[in-house]
Protein chains: 2
Amino acid sequence: MADDTKQRLIDAAGEIFAEKGYEAASIRDICQRADANLAAVNYHFGEKRQLYVAAVRHAQCCRQEDVPFPEWPADMPAIDRLRAFIETMFARMLAGQRPRWHLEIMLRELARPTEACAAVVEDYIRPMANTLRGILRDLLPDGMSEEQRWMIGFSIVGQILFYYVHQPVIRLLIGHAGIETFPLDQLADHVTRFTLAAIGAGPAVIRSPSAVGSLS
Amino acid sequence: MADDTKQRLIDAAGEIFAEKGYEAASIRDICQRADANLAAVNYHFGEKRQLYVAAVRHAQCCRQEDVPFPEWPADMPAIDRLRAFIETMFARMLAGQRPRWHLEIMLRELARPTEACAAVVEDYIRPMANTLRGILRDLLPDGMSEEQRWMIGFSIVGQILFYYVHQPVIRLLIGHAGIETFPLDQLADHVTRFTLAAIGAGPAVIRSPSAVGSLS
DNA sequence: GATTATTTCAAACGTTTGTATGAAACAATC
DNA sequence: GATTGTTTCATACAAACGTTTGAAATAATC
């Protein structure tokens, strides 16, 4: 029952922090949603800030088990691994899945860092970055400079994140159905082909699928 | 003197809103930075929210004159216009230029919209989107679907925005010099080449130009 | 220069905020 | 079953918040 309240607090706090941001989230709101007493936060966490940190840490722990991307066989071609990487990342961002606030609160942290940011980067982002860099190492010519590899990685991740971070803009820009216009696998497919073409590992992203040819 | 205070309030508010977000910014802080009396906000704007809206609107007005991208000659090739578009956008995001909060507060609004978001999109974002779409219309084959053109546009903008929005992550990831590792023109060059290659209008982004071959 | 209208100011208002307290309820241990 | 440690609860507190007020100060109008 003890840890139970604590966990309920973290969950409620996570939702509200992710939704409204740190300052706008009040301890009273959080406790109410957690069915806990007002004093519970200070009893279990000492202060509001620590509850926030705990929420971020929890989200990051939960999502960490995702991080070792779907075990792909050692002999899987780099191109397919890139495709799988992009698909997985998209699925995690946009799929309806488990608590939405897990991602939300971490992305908030990454865009506007507090004390918890470094930990998120090291434990959650860095492994993903390493996975991607591993793929790119196989995919790109050896002589390529470190900076250039980073930039290509950023180009990939930037494309993916855009659809999450700027969903509201997309909705306003293309109107009606908004982002639902783009089925998830279509997005993943686009980014994959866009990227592969950019690095010379696939045909250009132009109209007819006829031009696609021998990818997978 | 009257409008003067009002303007000082907007400027001070813009800085603080952009830095700390709406809730965390207190009227007292704002008035202090603006050298104005505490009651000035309510006198000139009625309430805090309206001051925020005024700040966003002001930022958007100031930046709007930027929007008609550097007049390029009618006969300028689409490829060069794309390059210019990307360079300009990068320069606006990352260059040391005028009040940083202008962009900051608008991006905040775009990522986490309030009532002012729609206006920003219509007056600031939409024209940029149209410019880009014009370029892409010339650059891409005619038969390409509407959705696909949007996705390509998003792939471009996503790459650029990434360097601004996730600067803190980049800094943590690649350590030391952080984003300063990448000179501005190098970033613009990378995104341009990456994009052109992706859509089959340029050689792949790989080290040796030898592998490029007959794409364009 | 008297009379307006506009703008500033210090002070106060009522809320809401995060936090603290001490008693009650509960669980565990002996 | 008494004792101890843990967790909940209602309540209180001081501080900070956005907002209001009414009187000064300033500017504008005649």
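Naming: A, B, ... by sequence-line order, numbering from 1 per chain. Values below: all heavy atoms of this structure, side chains included; hydrogens, waters and symmetry mates excluded.
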**Student:** Counting heavy atoms from C-beta on, name the nucleotide in C:dA12, C:dT7, C:dT21 closest to the side chain of B:L38.
**Tutor:** C:dA12

**Student:** Output side-chain donor-acceptor pairs under 3.5 Å for residues 15-25 of chain A, partner residues at least two apart or in another chain, one line each.
**Tutor:**
from: A:E15; atom 1: OE1; to: A:R33; atom 2: NH1; distance (Å): 2.6
from: A:K20; atom 1: NZ; to: A:D29; atom 2: OD2; distance (Å): 3.4
from: A:Y22; atom 1: OH; to: A:R49; atom 2: N; distance (Å): 3.1

**Student:** Verify the contact: side-chain N or O of B:T5 to OP1 or OP2 of C:dT8, cut-off strictly under 4.0 Å; return yes or no.
**Tutor:** yes

**Student:** Tell me the interatomic distance from A:E47, atom CD, to C:dA20, atom C1', rounded to whole angstroms.
**Tutor:** 13 Å

**Student:** Looking at C:dT8, I'd like to know if its phosphate oxygens (OP1 or OP2) sit under 4.0 Å from a side-chain N or O belonging to B:H44.
**Tutor:**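 Result: yes.
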
**Student:** Could you check how far CG of B:D35 sits from P of C:dC9, rounded to whole Å?
**Tutor:**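 Rounded to whole Å, this separation is 9 Å.
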
**Student:** Between side-chain atoms of residues 183-190 of chain A and protein atoms elsewhere (two or more places apart, or another chain), which donor-acceptor pairs fall under 3.5 Å?
**Tutor:**
from: A:D189; atom 1: OD1; to: A:R83; atom 2: NH1; distance (Å): 3.2
from: A:D189; atom 1: OD2; to: A:R193; atom 2: NE; distance (Å): 3.4
from: A:H190; atom 1: NE2; to: B:M151; atom 2: O; distance (Å): 3.2
from: A:H190; atom 1: NE2; to: B:S155; atom 2: OG; distance (Å): 2.8

**Student:** Provide, to the nearest angstrom, the distance between the CD1 atom belonging to B:I27 and the C1' atom belonging to D:dG18.
**Tutor:**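 Rounded to whole Å, this separation is 5 Å.
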
**Student:** To the nearest Å, how far apart are B:I30 CD1 and D:dA16 P?
**Tutor:**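 That distance rounds to 17 Å.
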
**Student:** For D:dC17, does OP1 or OP2 lie under 4.0 Å from any side-chain N or O of B:S26?
**Tutor:** yes

**Student:** Could you tell me whether the side chain of A:R81 and the main chain of A:M76 form a donor-acceptor pair under 3.5 Å?
**Tutor:** yes

**Student:** What I'd like to find out is whether the side chain of A:I174 reaches to under 4.5 Å of the side chain of A:F182, using heavy atoms alone.
**Tutor:** yes

**Student:** Which of the following nucleotides, D:dC9, D:dT7, C:dC9, is nearest to the side chain of A:Y43?
**Tutor:** D:dT7

**Student:** Could you tell me whether the side chain of A:Q60 reaches within less than 4.5 Å of the side chain of A:H102, counting heavy atoms only?
**Tutor:**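 SC-SC contact between A:H102 and A:Q60 ruled out.
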
**Student:** In terms of side-chain heavy atoms of B:A39, which of C:dT17, D:dT8, D:dT20 is nearest?
**Tutor:** D:dT20

**Student:** Figure out the CG/C1' separation between A:N42 and D:dC13, and round it to whole Å.
**Tutor:** 13 Å

**Student:** Quickly work out the A:N37 CG to C:dT19 C1' distance and round it to whole Å.
**Tutor:**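 Going from A:N37 (CG) to C:dT19 (C1'), I get 13 Å.
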
**Student:** Has B:R57 got more than 12 heavy atoms of other residues, nucleotides or ligands less than 6.0 Å from its CZ?
**Tutor:**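 No, the 6.0 Å shell around CZ holds no more than 12 heavy atoms from other groups.
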
**Student:** Should A:M89 and A:R92 count as side-chain neighbours, where that means a heavy-atom distance under 4.5 Å?
**Tutor:** no

**Student:** Please, what dot-bracket string fits DNA chain C when only Watson-Crick and G-U pairs with both distances under 3.5 Å count, crossing ones use [ ] and pairs to another strand use |?
**Tutor:** |||.||||||||||||||||||||||.|||

**Student:** In whole angstrom, give the distance that lies between atom CZ of B:R8 and atom C1' of C:dT7.
**Tutor:** 12 Å

**Student:** Under 4.0 Å between any heavy atoms, over every strand shown, what does A:A24 touch: base, sugar-phosphate, or nothing? Just pick one.
**Tutor:**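 The residue A:A24 makes no contact with any strand.
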
**Student:** Return the set of residues passing side-chain contact (heavy atoms from CB on, under 4.5 Å) with B:A54 (not counting sequence neighbours), or none when no residue passes.
**Tutor:** B:I10, B:F45

**Student:** Sequence neighbours left out, what passes side-chain hydrogen bond (donor to acceptor under 3.5 Å, both in side chains) with B:R137? Give chain and number order.
**Tutor:** none

**Student:** Nearest-Å distance, NZ (B:K6) to P (C:dT6)?
**Tutor:**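 Whole-Å distance recorded here is 13 Å.
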
**Student:** Please tell me if the side chains of A:L38 and A:Q32 come closer than 4.5 Å, counting only heavy atoms from C-beta onward.
**Tutor:**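 No. Closest side-chain heavy atoms not under 4.5 Å.
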
**Student:** Where along residues 15-23 of chain B does a heavy atom come under 4.0 Å from DNA chain C, residue by residue in number order?
**Tutor:**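 Per residue number, the list is empty: none.
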
